[in-house]
Every structure is written in structure tokens, then in C-alpha cells.
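Below is one structure, written out as C-alpha cells, with a few remarks after it.
So you know, we letter chains A, B, ... as the sequences are listed, proteins then strands, and number each from 1. Note that these values count all heavy atoms, side chains included, but never hydrogens, waters or copies made by symmetry.
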There are 2 protein chains.
Amino acid sequence: MDLQKPLEKIRKFYHQRKRLPSYREIAELLNFKSVNASWRVVKKLIEQGYLDKDSQGKLIPKKLTHELKVLGTVAAGMPTLANQEEMDTLSLDEYLLTNPSKNYMLRVIGQSMKDAGISPNDLVIVESEKEPLNGDIVVAEVDGDWTMKYFQKRKNEVVLIPANKDYPNIYPKQNLRIGGVVVSLIKKYY
Amino acid sequence: MDLQKPLEKIRKFYHQRKRLPSYREIAELLNFKSVNASWRVVKKLIEQGYLDKDSQGKLIPKKLTHELKVLGTVAAGMPTLANQEEMDTLSLDEYLLTNPSKNYMLRVIGQSMKDAGISPNDLVIVESEKEPLNGDIVVAEVDGDWTMKYFQKRKNEVVLIPANKDYPNIYPKQNLRIGGVVVSLIKKYY
DNA sequence: TTGACAGGTGAACGATTGTTCAATAGACTA
DNA sequence: TAGTCTATTGAACAATCGTTCACCTGTCAA
């Protein structure tokens, strides 16, 4: 049985309508006249791990969601088209959001983290209410201003160190408030 | 009517089960004894743009998907908790995947793009079958090896330039194959 | 020629679906 | 007190749901 076409149709339906089709709808998609035919196709798709079922028998997606093929490492070269299907896929949302309810995103302005590869217009994902470790990049309010810096705790004081020699270290006198720890950085070129 | 609790419950259900609850299930979630009660809650949620309906009346998510609050710019400071709800949200998948079927992801090894802020273990999202412009970062096969470099087209030849002075420019003799253009870069610290 | 098998048809089942109606309970205002 | 409003209840509707029958093709091997 050819599972490729059904998979593609179902995937398309899912992305367009943001829900999975019912067996009747699958029959329509695949030009079946009987729901039993789609029932059998779905059974195979479940066996192969593309779909799954609820406790109530409702279909839920498994390997269908907007996902990225991870093709390997750059220097190791490009995999051929032949084995692309076997590679892992990954949802960016799930991958990047360490703690969805506490994550938020900031757009970077200013050059103070330049040497860490963080430039204006980049996006950083920040996790709030997280205890920073030495070397973490934190978003902090120092004496009234918000900045992004490396976090360094020494004996009794905290130092905020920029990744740019043109900027001075910051020794917060009072009112140091940590807004969160930068958990990931996103640069978008296009 | 308090929509916050229902929203949160429905959102949680959606993320756990990867489908939206039925009206009966919503009633159960919110301790309603009547489906009509959930029907009205849903009506409100639709009016506010959190949910939507199919042509068949089935619920589909709108602003429910795993989304990030974009809180503003770093230097501009942190918004207060009060206006967080009004901020934009953004799905990373939708934001980063310029062309889902042609995008794939590579893990970076090697230091050759160091000065562009691209380090080993970073992830790059590549769009295949895209014509590179001068200055774009491309993934290319040169004389048998795969690398990531800046793309530069001069008169009749193509030069691949690393972002690291310790590495030489590459003047492909033959067999230059562009695997794709890097459309975004992801660094994950945690 | 026979038999097995995979793919599709058609119909039926009880359960669950979205939707709507009338009715009830409490909070607030006039 | 009477009246209005909102939130919830409870019951009912046709339609659709997932699931399972028995049956009908065609293909290929024995």
C-alpha cells in the first residue's frame, strides 16, 4: 500500500485546517467511497508512527506537525535526498521553549553583546524566574536601566560584563533586578 | 465572565492532547454540568479571536498555539506584567520557516564562520533551491567537501569567504553545488 | 483452475458531536 | 419588592463520529 500520498494529503489538511480529518474526510481526500478504506490506511499510518489515537479513538498527529528535517552537520556534508525521510524531525517551538509559560522574547538593540554574536535586531528567548549561573547571559535592570550582559557573581557582589571591549563592566550599586536568563538566540537573515 | 481560566485550561488540553476539546470535554475541564455553559464560553473566546470554527462547526485554534510573547526591546526595558497580555505573540515555527517544505536544519561544526557569530553546535535553518545573493551565507559542496561560507559572485567566478581570518577563501575550481542559503541561526544556551 | 491475499465497497451500530431550547439561581438596580 | 441581567442547568435534536461487519473485486502464485 502506498502511504506517501495519503500522508501528504492528511498533512496538508492538518496544516490548512489545524485539525485532523475524520475518516469520512480522509475518504474524500483520497477518493475512497468507503470509510473502511480510510480506516485501514490510518491503521497503517499509526503503525508507522505518523499518527496516533486518543483514548477516545480520535486521531492526533505525531510526526505530522510543522517540523524541520535535521539533516546532519555542515562539515559532515549533506545527506542525499534518499535518506531524508528517515532523519529526525523537530518542532522549533518545542525545542526552543524550555518553559513555555515563563519564556518571552526580546528584540536586541545596541552593540554591547557583539562579541557573543548577539547583534541588533536579533531575537533572544528569555526565561524569567530562573537563577542565573556565572557566565549566563542575563537581562537585568541596573539602577533603572535595562541591559543584556554576562552574569558573574563574585564573593558578595555581582558584575555584569558586556561582550564588547568598548563597553564598561557594570557594578550594580543597588536595585539589581534580573529579568531572566537568555536561553536561546535567534538570528533571521531573510 | 472570566475568560482567563477557561483559556488556560483549553490551551493546556490542546498542548497535551494535540487537539481541541469538545464542548463536553470543556464542560468537564471547567466543572460545568451543562455543555451549553461551555458553548457560551467558547463563543466569547471566538469573539476575542482565541479560537475559530470550521465550516463544520468544529473548533480550531487561532491564538492558542505554543506562542511567545514578544515583550519589546532589551535596551528599552521590560514591560510591566500588566500589559503583557496585549503584546504580540508569535509562533517560532511560522516565523522561522520561510518555506517549510524546502527548509531543513543543520548542526554546525567547525570554526569557519566564527566572526559571523556562528559557532559549533549552533543550528542553522537552510532553504534549498534558493538563489544566493552576494553576502548571503550558503551551504555549499566544493570539490567534494561541504562547508558553510559567505557567498560572493564576481564577474565570472564565485568566491566562498569564511568569517574567520584563519581560514582561506575558497575559489571552487569545478563542482560547486549550492545546498541552500542560511535563512536563520539558532543558538541554544540551555 | 484454484486459492490466497490485498484493496476497495456498502451498510450498519452505538456513541459522541455541535447546536438550540426552555428553565433555574443568584446578583444587582430601581 | 419587583424587575433585569448574567451564569448555569438539563434535556433534546439531527448529524457526524469511530468501528466493525460481510462482501466484492482484481492480481499473483501454485
Side-chain angles (χ1 to χ4, degrees), chain A residues 1-67 82 85-86, chain B residues 1-67 82 85-86:
Chain A
M1 178 157 51
D2 176 34
L3 288 180
Q4 219 50 44
K5 204 183 77 182
L7 234 189
E8 202 179 316
K9 293 270 188 184
I10 292 175
R11 192 177 268 142
K12 191 173 171 187
F13 186 103
Y14 181 67
H15 284 142
Q16 282 180 350
R17 316 268 296 263
K18 305 222 178 190
R19 64 170 179 86
L20 284 175
S22 67
Y23 289 92
R24 269 83 182 168
E25 288 167 328
I26 293 176
E28 208 171 327
L29 285 176
L30 303 174
N31 293 318
F32 288 151
K33 295 192 177 160
S34 169
V35 283
N36 189 9
S38 30
W39 192 84
R40 300 235 260 260
V41 169
V42 167
K43 197 179 161 206
K44 290 269 170 76
L45 288 175
I46 292 175
E47 282 169 9
Q48 308 232 351
Y50 291 109
L51 295 174
D52 209 348
K53 273 192 204 175
D54 243 1
S55 45
Q56 282 133 69
K58 294 177 185 316
L59 294 179
I60 54 180
K62 250 187 130 176
K63 294 205 298 188
L64 275 190
T65 30
H66 233 181
E67 279 170 339
E85 298 167 21
E86 304 165 15
Chain B
M1 179 159 48
D2 175 34
L3 288 180
Q4 219 51 42
K5 203 181 77 181
L7 233 189
E8 201 178 317
K9 293 268 188 185
I10 291 174
R11 192 177 269 144
K12 190 172 171 188
F13 187 103
Y14 181 66
H15 284 142
Q16 282 180 348
R17 315 269 296 262
K18 305 224 175 188
R19 66 171 178 87
L20 284 175
S22 68
Y23 289 92
R24 269 86 183 168
E25 288 168 329
I26 293 177
E28 207 172 326
L29 286 175
L30 303 175
N31 293 320
F32 288 150
K33 296 192 175 158
S34 169
V35 283
N36 189 9
S38 29
W39 192 83
R40 293 199 203 192
V41 169
V42 167
K43 197 178 162 206
K44 292 266 170 79
L45 288 175
I46 292 176
E47 282 168 9
Q48 307 231 354
Y50 291 108
L51 294 173
D52 208 348
K53 273 190 202 174
D54 242 4
S55 45
Q56 283 133 67
K58 292 174 185 319
L59 294 179
I60 53 181
K62 250 186 130 174
K63 293 204 298 186
L64 272 192
T65 30
H66 239 177
E67 279 170 338
E85 297 167 24
E86 304 165 16

Please encode protein proximity along nucleotides 12-18 of chain C as a string of B, S and -, counting only heavy-atom distances under 4.0 Å. B----BB
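- Taking the side-chain contact (heavy atoms from CB on, under 4.5 Å) definition, one finds that A:S38 meets it with A:Y23, A:I26, A:A27, A:F32, A:V35, sequence neighbours left out.
- Remark: B:R19 engages B:E25 in a salt bridge, criterion side-chain N to carboxylate O under 4.0 Å.
- Between A:L29 atom CG and A:E8 atom CD the span is 11.5 Å, to the nearest 0.5 Å.
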Summary of protein contacts for nucleotides 22-27 of chain C, nucleotide by nucleotide, where a base hit scores B, a sugar-phosphate-only hit scores S (4.0 Å, heavy atoms): B-----
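- Near DNA chain D, meaning a heavy atom under 4.0 Å from it, residues 26-34 of chain A has no residue at all.
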Run the numbers on A:I10 and A:L59 for side chain to side chain contact (heavy atoms under 4.5 Å, CB included), then give the verdict. CA-CA 11 Å; A:I10 292 175; A:L59 294 179; over 6 Å; no
Determine, stepwise, if the pair B:V42 / B:W39 fulfils side chain to side chain contact (heavy atoms under 4.5 Å, CB included). CA-CA 5 Å; B:V42 167; B:W39 192 83; 5.9 Å; no
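- For the atom pair CG of B:L7 and CG of B:L51, the computed distance is 7.0 Å after rounding to the nearest 0.5 Å.
- Atom NZ of B:K53 is separated from atom NZ of B:K43 by 9.0 Å, given to the nearest 0.5 angstrom.
- For B:R17, the salt bridge (Lys or Arg N to Asp or Glu O under 4.0 Å) partners are A:D54, not counting sequence neighbours.
- Remark: DNA chain D takes part in the stems C:1-17 with D:14-30, C:19-27 with D:4-12, each of 3 or more antiparallel Watson-Crick or G-U pairs, criterion distances under 3.5 Å.
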Check against side chain to side chain contact (heavy atoms under 4.5 Å, CB included), A:K12 and A:K9: CA-CA 5 Å; A:K12 191 173 171 187; A:K9 293 270 188 184; 5.7 Å; no
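- Taking every heavy atom of both residues into account, A:L20 and A:P61 meet most closely at CD1-N, 3.4 Å.
- Put simply, NZ on B:K43 is 15 Å from P on D:dT8, counting in whole angstrom units.
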